[in-house]
Amino acid sequence: MCRSNLRPDKMTLVVILLACSRLGDLSLGTRIHENICDIHDIYSDVFVGNALVDMYMKCGDADSARKLFDKMPVKNVVSWNSMISGLVQQGQFKEALHLELGKWVHAYIDKNQIKADGFVGNALVDMYAKCGSAEQAFGVFQGMECKDVFSYTAMIMGFAMNGEAERALDIFAEMPMVGSKPDEVTFVDVLSACSHAGMVEEGWRHFEDMSKVYNLEPQTEHYGCMVDLLGRAGLISEAEVFIANMPIEPDAFVWGALLGACSIHGKVELGEAIMKKLVAVEPVRDGAYILMSNIYSSAKSLK
DNA sequence: CTAGGGTTAG
């Protein structure tokens, strides 16, 4: 690829690097990186740089992404967003480390007076929310001039995950006032806020509003949230009726939510029946067995 | 060249 008269053009490189990102092929991505290091006009191109950052992030190598990011002579808003949303994705596995990196990114943005709006602002809110700091997410959120459905959804999730359902619902209620329409993903977080706070009535109302007020067809994820909401609150037979009346096929999350409720409330026999349905829908994952072992052990301790 | 989601281990 790197022979003097056979140089790759920029867009070819970008496309190949994005393929590496999607496949998670770090070794191929790294090899391409090494091969273009000494081709300066290509290596310093912001599109190629962004694709390299994205590739390292998606392949789970945040350190290399950051080293490269530091060396990029020109950065644009896409570079920042790849960096931040990459950190968020990594956060699932190495939360502490990347919260630190995330703070570094935030400090850099402040110092260089980059506007934390749009993609960058949303990515920051999302990052803080996922790293468990709803307050820092809220700080960025409040400072944003243009909030869209992504900003609101990320903030609602931040409060919901932090056990602050009231604040999540307050933020949600603000959306129409700024002309922002909630979508299916927003409702997943709204319903999940209600379910973790035991707000059954509130959850029902939002679930019904989805189709009545917002013209959104509830998906299996929303049914799963409702089963979780009812089940956690101990309304197990209501949850069973709810599943029986679903207009679409329940998936593993729906059965998993009901099985989770059996585990919380010590329902052994029902749990065994649900377990069969869950394994039928999703035989490969181990979640069902974990929940079932919880049911047996909690039933033992109830005796 | 870029975005967000539901169950889950004594």
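Letters A, B, ... are given to chains in the order of the sequence lines, protein chains preceding strands, and every chain is numbered from 1.
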J.: What is the separation between atom CD1 on Ile236(A) and atom C1' on dT7(B), rounded to the nearest whole Å?
T.: 13 Å

J.: Without decimals, in angstroms, what is the distance between Leu258(A) CG and dT8(B) C1'?
T.: 14 Å

J.: Provide, to the nearest angstrom, the distance between the CD atom belonging to Glu221(A) and the P atom belonging to dG5(B).
T.: 12 Å

J.: Rounded off to whole Å, could you give me the CE-to-P distance for the Met275(A) and dA9(B) pair?
T.: 15 Å

J.: Is there a side-chain contact between Arg66(A) and Tyr56(A) (heavy atoms, below 4.5 Å)?
T.: no

J.: Separation of Asp251(A) atom CG from dG5(B) atom C1', in whole Å?
T.: 13 Å

J.: Looking at His222(A), I'd like to know whether one of its side-chain N or O atoms comes within less than 4.0 Å of OP1 or OP2 on dT7(B).
T.: no

J.: Classify the ring geometry of Phe138(A) against Phe141(A): parallel below 30°, tilted from 30° to 60°, perpendicular beyond 60°.
T.: parallel

J.: Which whole-number value in Å describes the distance from Met292(A) CE to dG10(B) C1'?
T.: 17 Å

J.: Tabulate protein N/O versus nucleotide N/O from nucleotides 1-4 of chain B, keeping only pairs under 3.5 Å, one per line.
T.:
| unit_1 | atom_1 | unit_2 | atom_2 | d |
| --- | --- | --- | --- | --- |
| dC1(B) | O2 | Asn50(A) | ND2 | 2.6 |
| dT2(B) | O2 | Asn81(A) | ND2 | 2.6 |
| dA3(B) | N1 | Asn122(A) | ND2 | 3.2 |
| dA3(B) | N1 | Asp148(A) | OD2 | 3.4 |
| dG4(B) | O3' | Lys130(A) | NZ | 3.4 |
| dG4(B) | N1 | Asp183(A) | OD1 | 3.4 |
| dG4(B) | N1 | Asp183(A) | OD2 | 2.6 |
| dG4(B) | N2 | Thr153(A) | OG1 | 2.9 |
| dG4(B) | N2 | Asp183(A) | OD1 | 2.9 |
| dG4(B) | N2 | Asp183(A) | OD2 | 3.2 |

J.: With rounding to the nearest 0.5 Å, note down the distance linking CG in Leu18(A) to SG in Cys20(A).
T.: 9.0 Å

J.: Kindly point out which of dT8(B), dG6(B), dA9(B) is positioned nearest to the side chain of Val188(A)?
T.: dG6(B)

J.: Rounded off to whole Å, could you give me the CH2-to-C1' distance for the Trp255(A) and dG6(B) pair?
T.: 16 Å

J.: Run the ring pair (Phe, Tyr, Trp, His ring centres under 6.0 Å) test against Tyr43(A) and tell me which residues pass, sequence neighbours left out.
T.: His33(A)

J.: Tyr289(A) OH to dT7(B) C1': how many Å, rounded?
T.: 16 Å

J.: For Thr220(A), which contact category applies under a 4.0 Å heavy-atom criterion: base, sugar-phosphate, or nothing?
T.: base

J.: In terms of ring plane angle, is the pair Phe172(A) and Tyr214(A) parallel, tilted or perpendicular, where the classes change at 30° and 60°?
T.: tilted

J.: Is the distance from the ring center of Phe150(A) to that of Phe119(A) below 6.0 Å?
T.: no

J.: Does Glu135(A) pair with Arg167(A) as a salt bridge, N-O distance under 4.0 Å?
T.: yes

